[in-house]
Amino acid sequence: MNNFVFENSSKVYFGEGCVKEYLSNILSAYGDTVMLCYGGGSIKKNGIYDEIITILKKENKAVVEFSGIPSNPTCNKVLEGVKLAKESNADLILAVGGGSVMDCCKAISLGAKYDGDIWADFWARPGVIDFEPLPLGIIVTVSGTGSECNGGAVITNEELKIKTGRDYPQLNAKFVMLDPTYTYSVPKFQIVSGAFDTISHIMEIYFSEPNESNVSDDISEALMKNVITNLRAAIKNPEDYTARSNLMWDATMAENRIIKLGKKTDFECHQMEHQLGAYTNCNHGAGLAVLHPVYYRHICKAGEKKFVQFAVNVWGISKDGKTDKELAKAGVEALADFIKEIGMPTTFKELGIDENINLKEIADSCGIVPGAYKKMTHEEILKIFEECK
């Protein structure tokens, strides 16, 4: 295993009713003004907003609302939030939503205590946070990204057409509340998209060195099987508490840094999807669903041993009568079949991407990562994009 230093400072409250049970007490540790942040307003339809507002008022908090955070949070939206946080002298940011809300709020918490250019100093290149960001609390209503238990934030600079993520431990939320019942009202497409994002994160870590027996790969295989089983159950019954609670914790486990320990990690597919999203604003999980099988067909030979393991240990494919090459390919095709089964798009056309878009420009803008089994070139990325059409 590779050397590592592990840190995760977020305190997690998990289970039905955890917000009602713990939020009041948690709020006593912070000042009078809470900046309540959310997306398009679905929390007002499903009752979550009213529940949280009632608790905030009971604790005599002044509430400043920041809504309309988009599914791919932009630099401009972050700056809008930073301005409000500073003007209102917010003492705590309370992010209520999914990954986009969480990521946007992490960037706001940084910008609220920084007077420079946060994009140039912390996203365009890695920066050093030598100050205390504005405290952040998270209440998850859409699971999948796992952003709740790390300091990562993916932000899109619309002017530059760059979508990039950085993970700073200082941006970890102080507390995280995970009530699986809060995800019951999420539409089916979002359930599936979020769960596929989870399995994608796990695969990005799994398909990388070391190839020798290691803790991370064993945990990752168990998590992938758990996502597959419980997503099928959640599609049949969106209010299956067992399925929804498992999917929620799968997402957190995929990105709380634990399974990354000792691994190189890949994330080339995420690099490709981020730039695709920067140019088209496509759904993140759906974009990954289109790209992953095609990308894995390109790197399968280079990582054959691990792809064989994937086929046998995750998909239960029998070794009998098959060569390693055949097994490795069978694992990739099992993934492709699962994507079809759960109703995710399998082509750019199904994803709603204009056939006339300049794929070469997008391919040339993609970052090349060092941890992949096969180092990509911009020419091969373009080939992958063309095969996704």
Side-chain angles (χ1 to χ4, degrees), residues 6-30 34-39 42-43 46 48-49 51-53 55-56 59 61 66 69 73 81 90-110 112 132-154 165-184 186 190 194-195 197-198 201-202 223 227 241 244-260:
F6 176 62
E7 175 185 1
N8 197 310
S9 58
S10 297
K11 185 169 184 176
V12 176
Y13 300 81
F14 185 96
E16 185 173 2
C18 64
V19 175
K20 292 179 186 175
E21 186 173 354
Y22 296 110
L23 184 57
S24 289
N25 187 54
I26 292 169
L27 290 170
S28 64
Y30 300 96
V34 175
M35 183 168 158
L36 179 63
C37 305
Y38 52 95
S42 61
I43 64 168
N46 57 26
I48 294 172
Y49 173 88
E51 187 167 291
I52 293 169
I53 282 289
I55 295 169
L56 291 170
E59 297 305 314
K61 300 296 181 181
F66 182 65
I69 296 173
D91 297 297
L92 171 71
I93 296 174
L94 187 58
V96 183
S100 299
V101 173
M102 301 177 215
D103 287 14
C104 188
C105 288
K106 289 175 195 174
I108 292 170
S109 79
L110 176 67
E132 189 70 27
L134 188 63
L136 169 67
I138 289 173
I139 298 175
V140 179
T141 63
V142 184
S143 67
T145 69
S147 186
E148 57 270 11
C149 270
N150 61 46
V154 179
R166 302 288 181 195
D167 187 354
Y168 297 103
Q170 298 93 329
L171 296 185
N172 266 64
K174 300 297 183 185
F175 62 90
V176 177
M177 317 201 84
L178 296 163
D179 183 337
T181 66
Y182 277 18
T183 68
Y184 282 0
V186 173
Q190 277 187 278
D197 192 20
T198 297
H201 292 153
I202 302 166
L223 289 171
V227 174
Y241 184 81
R244 301 309 291 272
S245 57
N246 274 304
L247 289 173
M248 196 169 220
W249 191 239
D250 285 331
T252 306
M253 281 293 294
E255 277 293 335
N256 63 4
R257 304 193 184 101
I258 287 176
I259 62 171
K260 290 181 178 177

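- In terms of heavy-atom proximity, G152 sits nearest to D167 at N-OD1, 3.2 Å.
- Using a 4.5 Å cut-off on side-chain heavy atoms (C-beta onward), F14 and T252 make no contact.
- The OG atom of S24 lies 8.5 Å from the CG atom of L56; values are rounded to the nearest 0.5 Å.
- Taking both residues in full, the closest heavy atoms of V142 and M102 are given as O-CE, 4.3 Å, listed atom of the first, atom of the second, then distance.
- A tilted orientation is assigned to the rings of Y22 and Y13, their planes being inclined by 30° to 60°.
- Between atom NZ of residue K174 and atom CD1 of residue I93 there is a gap of 12.0 Å, rounded to the nearest 0.5 Å.
- Of the possible polar contacts, none joining the N150 side chain to the N256 backbone as a donor-acceptor pair under 3.5 Å is found.
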Report task. May I have the step-by-step check of side-chain contact (heavy atoms from CB on, under 4.5 Å) for L94 and I139, ending in yes or no? Result -> CA-CA 7 Å; L94 187 58; I139 298 175; 4.1 Å; yes
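- Closest of all the heavy-atom pairs between I138 and A173 is CD1-CB, 3.7 Å.
- Side-chain contact check for Y182 versus V96: every heavy-atom pair is 4.5 Å or farther apart.
- Between K11 and I26, every side-chain heavy-atom pair lies at or beyond the 4.5 Å cut-off.
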Query - side-chain contact (heavy atoms from CB on, under 4.5 Å) assessment of C18 paired with L178 - result: CA-CA 7 Å; C18 64; L178 296 163; 5.5 Å; no
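- In this structure, the side chain of R244 engages the main chain of T183 through a donor-acceptor pair within 3.5 Å.
- Contact of the L27 side chain with the I55 side chain is registered, since non-hydrogen atoms from C-beta on lie closer than 4.5 Å.
- Relative orientation of the F175 and Y30 rings is tilted, given thresholds of 30° and 60° on the angle between their planes.
- The minimum heavy-atom distance between P169 and S9, with the atom names listed, is O-OG, 4.4 Å.
- Taking 4.5 Å as the limit, every side-chain heavy atom of S143 sits out of range of all side-chain heavy atoms of V186.
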Query raised in the report: Please walk me through it: do L136 and L171 pass side-chain contact (heavy atoms from CB on, under 4.5 Å)?
Result: CA-CA 8 Å; L136 169 67; L171 296 185; over 6 Å; no
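- Y184 OH to N46 CG: the interatomic distance, rounded to the nearest 0.5 Å, is 13.0 Å.
- Residues T198 and L247 form no side-chain contact, since every pair of their non-hydrogen atoms from C-beta on lies 4.5 Å or further apart.
- How far CG of N246 is from CE of M253: 12.0 Å, rounded to the nearest 0.5 Å.
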Requested in this report: May I have the step-by-step check of side-chain contact (heavy atoms from CB on, under 4.5 Å) for L23 and E59, ending in yes or no?
Outcome: CA-CA 10 Å; L23 184 57; E59 297 305 314; over 6 Å; no
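- Contact check for Q170 versus E132: no side-chain heavy atoms found under the 4.5 Å cut-off.
- Using a distance-only test at 3.5 Å, with no hydrogens or angles considered, no donor-acceptor pair links the side chain of D103 to the main chain of S147.
- A 4.5 Å side-chain heavy-atom check between I52 and M177 finds every atom pair outside the cut-off.
- Atom NZ in K260 sits 11.5 Å away from atom CZ in F6 (nearest 0.5 Å).
- E7 contributes atom CD, which lies 7.0 Å from atom CZ of R257 (distance to the nearest 0.5 angstrom).
- Residues I69 and C105 approach most closely at CD1-SG, 4.3 Å, considering heavy atoms.
- In terms of heavy-atom proximity, D179 sits nearest to E16 at OD1-CA, 3.4 Å.
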